[in-house]
There are 4 protein chains.
Amino acid sequence: MTEKRQLIINAAVEVIAEHGYHGAQVSRIAKQAGVADGTIYLYFKNKDDILFGLFEYKVDQLMKTMEQTLGNLSPEKQLKIFVRNHVEWLALDQPLAACVQLELRQSKKEMRNKLNHLLIPYHRLLNDILVKGIEAGDFDNTMNLKFARQLIFGAVDEAISTWVVSDFKYDILAQFDELYYLISKAVRRGQLHD
Amino acid sequence: MTEKRQLIINAAVEVIAEHGYHGAQVSRIAKQAGVADGTIYLYFKNKDDILFGLFEYKVDQLMKTMEQTLGNLSPEKQLKIFVRNHVEWLALDQPLAACVQLELRQSKKEMRNKLNHLLIPYHRLLNDILVKGIEAGDFDNTMNLKFARQLIFGAVDEAISTWVVSDFKYDILAQFDELYYLISKAVRRGQLHD
Amino acid sequence: MTEKRQLIINAAVEVIAEHGYHGAQVSRIAKQAGVADGTIYLYFKNKDDILFGLFEYKVDQLMKTMEQTLGNLSPEKQLKIFVRNHVEWLALDQPLAACVQLELRQSKKEMRNKLNHLLIPYHRLLNDILVKGIEAGDFDNTMNLKFARQLIFGAVDEAISTWVVSDFKYDILAQFDELYYLISKAVRRGQLHD
Amino acid sequence: MTEKRQLIINAAVEVIAEHGYHGAQVSRIAKQAGVADGTIYLYFKNKDDILFGLFEYKVDQLMKTMEQTLGNLSPEKQLKIFVRNHVEWLALDQPLAACVQLELRQSKKEMRNKLNHLLIPYHRLLNDILVKGIEAGDFDNTMNLKFARQLIFGAVDEAISTWVVSDFKYDILAQFDELYYLISKAVRRGQLHD
DNA sequence: GATGAATGAGTTTTCATTCAT
DNA sequence: CATGAATGAAAACTCATTCAT
């Protein structure tokens, strides 16, 4: 990634966080980045491509953090770190949190599909952890993997969204253990079907 | 609700389901409803008000179903029915599912806030069930109630969204028990903090 | 043709004649017509459609004049009137002449093709006159009809273009007989191949 | 003409022929010529100057052919060769024909005026031939010289344009005699005014 | 109540040209 | 001489909303 492309992505995050998806005109992003409008188009195909590039870059950072922090820990510990990384990813960057949880979701259906594709590595990694946890006897070997992934992602996503909508009024990281406790219970072994 | 207001809401659901949020121009909804463009504004303040009216009406139907089906059952059974109602609400009405999970979420932040407010009765009812379940000793009395609600809503929401994005390729209702199993484990009593 | 559509076409002729093809912004045409920008799009699909509609309307007027003036005259007289109508069509309307001969020809290839199609009735009528003239023994029965039509159109077109480029400095109608004399000789009977 | 200037002109012909006037961006021409965008501006004042240079070069080639082929023949023969040279100029180079008849005519009025000036030697030479022909008693001494030139140019131009628009579907050179027959009749002596 | 013609604000994107290297 | 990254002006079109009838 060139330095200027990076510059524009950062500007986009700031502008979107401040003015919202619909107030994020290309010219505003350019001004924030300190480049001419046309320069944007040397680094991005079009406006949607800026948003795509932004999300791609940030998801990539998250996945790199995942790689660096998961190591060879037990699946149970990996899952906790995985979820914590997801929460920290946005909890430590409020403008990004606003972009990802609220603003980017206002994009067109077509765009949203493309953004979802970027989460494939996320789901793949999560799946691997769950599978290893099942094999290790830590996680519930009767549960449906797809729903387990959706529950984990959905719970975290909803928790973060609520926090963003509340205008960051509370410290979501301080409550992380309470959130993870519920997720953990859902996937841990030792439950019977009812 | 006047007859014509109802007519317009139904037209809006059909148009949004067919053409998507961005293809749902007021004139198209008017045409579908068989009224003049201007007539819309005799029944709704503006375009957002149509979407708001639509969601309000549909959520209202869901909440009425909740009331009718929850009865005096045990909290555990109520929770299962609650979640099932949520899934069935959209699983049995694919156009509505597309509207609610994908299209309506493209509306402006301001609008999304108003739509979220309509879910307050949903969260209040869910909260009541959880509290009763805790008091009855069925649900985990150590869990954070807010996160529990968010986990339940988030898991179901994510599951339905994935199903809609897949273009309804599988039978989500047939898998309901597998989904509920995970949710149930999360909130049930008998887990220890780690 | 609605009254307002007519209004817009007239405004377009004036604006194009005064500011040229590239200076004829939609907003300028709208202002000249005394309507809002958006109103243009109630009567025309897009900007090219204005130009197309303008040429279509004006060619239609020419062809109506042709019908009304050709009557049952001899082919020789009909040809002279035909050519004179073509010249008068533009000689008596300098703004239209500027549009047709200079400005409209700057449109994109695709558009030019569509404009050319509008001249099919012109060429068909000219062809009919030539055929009747040949059958009557007035016109050269050895000539190639396609080239004859092209020569007639090309000569008149070039003559008018030169006049427009000269900024209407001379009276092209006063010289009509001299122009027609040459055209007439080209198609008249009595010439031998060399 | 420097070697690089020639290189750019050739590139321009190829690019315009392939992509049309509006697809012939300076950067595309530069790429085709194998030079940097900025280099173009070391050899040409601006984009129009490239087109001007291209047409100037090609018209110059035509006029050189004229000089070499007209010799001391009779005016009648010279006229036929003159017209044939004009047709062959484009008939034997379809990309150039497309440029000259269709693409270059989409340029701005101002530019078109400059291009027309390049045809002055063409008209001067044609005029000379006609004058000599009249003096020699071969051509009609009653005809208007300006219109005669316009008829000849207009007829040939229209014939070639039609051929180009037809996508070169027929062999225009094979029909040259039929075209010239009509032109010849127009200017030859022996016709009476009617 | 109902109509629907008219309004007009608002934004992405291209590309000829420049100039620091 | 040559480069090519950066510039920034300029315009078509949509569509929610109004209001005279």
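Just so we're on the same page: letters track the sequence lines, and every chain starts at 1. Excluded from the calculations below are hydrogen atoms, water molecules and symmetry mates; all remaining heavy atoms, backbone and side chain alike, are included.
Taking atom NZ of residue C/Lys31 and atom P of nucleotide F/dA12, one finds them 15 Å apart after rounding to whole Å. Atom-to-atom, CG of C/Asp49 to P of F/dA12 comes out at 14 Å; the value is rounded to the nearest Å. F/dA16 atom P lies 13 Å from atom CE of B/Met111, rounded to whole Å. B/Asp37 places its CG atom 12 Å from the P atom of F/dC15, with the value rounded to the nearest Å. Protein atom NE2 of C/His22 is 13 Å distant from nucleotide atom C1' of F/dA10, rounded to whole Å. Spacing between atom CZ of C/Arg28 and atom C1' of F/dA12 amounts to 15 Å, rounded to whole angstrom units. Across the protein-nucleic acid pair, B/Tyr21 atom OH and F/dC15 atom P stand 12 Å apart, rounded to whole Å.
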Output, in order, the C-alpha distance, side-chain angles, deciding distance and verdict of side-chain contact (heavy atoms from CB on, under 4.5 Å) for C/Lys58 and C/Gln61.
-> CA-CA 5 Å; C/Lys58 294 299 185 180; C/Gln61 286 189 324; 3.7 Å; yes
Take A/Ile9 and A/Phe44 through the test side-chain contact (heavy atoms from CB on, under 4.5 Å) and record every step on the way to the result.
-> CA-CA 10 Å; A/Ile9 283 182; A/Phe44 298 91; 3.8 Å; yes
Could you go step by step and tell me if C/Ile40 and C/Ile50 meet the side-chain contact (heavy atoms from CB on, under 4.5 Å) rule?
-> CA-CA 8 Å; C/Ile40 300 272; C/Ile50 306 174; 3.6 Å; yes
Any chance you could lay out the side-chain contact (heavy atoms from CB on, under 4.5 Å) test for B/Leu90 and B/Gln101, step after step, and finish with the verdict?
-> CA-CA 9 Å; B/Leu90 300 174; B/Gln101 300 300 118; 3.2 Å; yes
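Side chains of C/Leu51 and C/Ile16 form a contact here, defined as non-hydrogen atoms less than 4.5 Å apart. At a threshold of 4.5 Å between non-hydrogen side-chain atoms, the residues D/Asp60 and D/Phe55 do not count as touching. Counting heavy atoms from C-beta outward, B/Thr39 and B/Tyr43 have side chains that approach closer than 4.5 Å.
Residue order along DNA chain E, read from the 5' end via each residue's closest nucleotide, puts C/Val35 first among A/Ala24 and C/Val35. Each of A/Gly34 and C/Ser27 was assigned the nucleotide of DNA chain F with the nearest heavy atom; the assignment lying further toward the 5' end belongs to A/Gly34.
Both key distances under 3.5 Å define a Watson-Crick or G-U pair, and stretches of 3 or more such consecutive pairs in DNA chain F run E:2-21 with F:2-21.
Interface residues of residues 38-48 of chain D facing DNA chain F, ordered by number: D/Gly38, D/Thr39, D/Leu42, D/Tyr43; criterion, heavy-atom separation under 4.0 Å.
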Could you list the donor-acceptor pairs under 3.5 angstrom formed between side-chain atoms of residues 17-32 of chain D and any protein atom two or more places apart in sequence or on another chain?
from	atom 1	to	atom 2	distance (Å)
D/His22	ND1	D/Gln106	OE1	3.0
D/Arg28	NH1	D/Gly23	O	2.9
D/Gln32	NE2	D/Glu14	OE1	2.4

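Between B/Lys114 and B/Asp48, no side-chain nitrogen of the basic residue sits less than 4.0 Å from a carboxylate oxygen of the acidic one, so the salt-bridge criterion is not met.
Contacts of C/Val26 with the nucleic acid, taken as non-hydrogen atoms under 4.0 Å apart, involve only primed sugar atoms and P, OP1 or OP2.
Close approach of DNA chain E to chain A, defined as any atom under 4.0 Å from a non-hydrogen atom of the protein, starts and stops at E/dT11 to E/dT14.
In this view, A/Glu110 satisfies the side chain to side chain contact (heavy atoms under 4.5 Å, CB included) rule with no residue, not counting sequence neighbours. The side-chain hydrogen bond (donor to acceptor under 3.5 Å, both in side chains) search around D/Asp37 returns none, not counting sequence neighbours.
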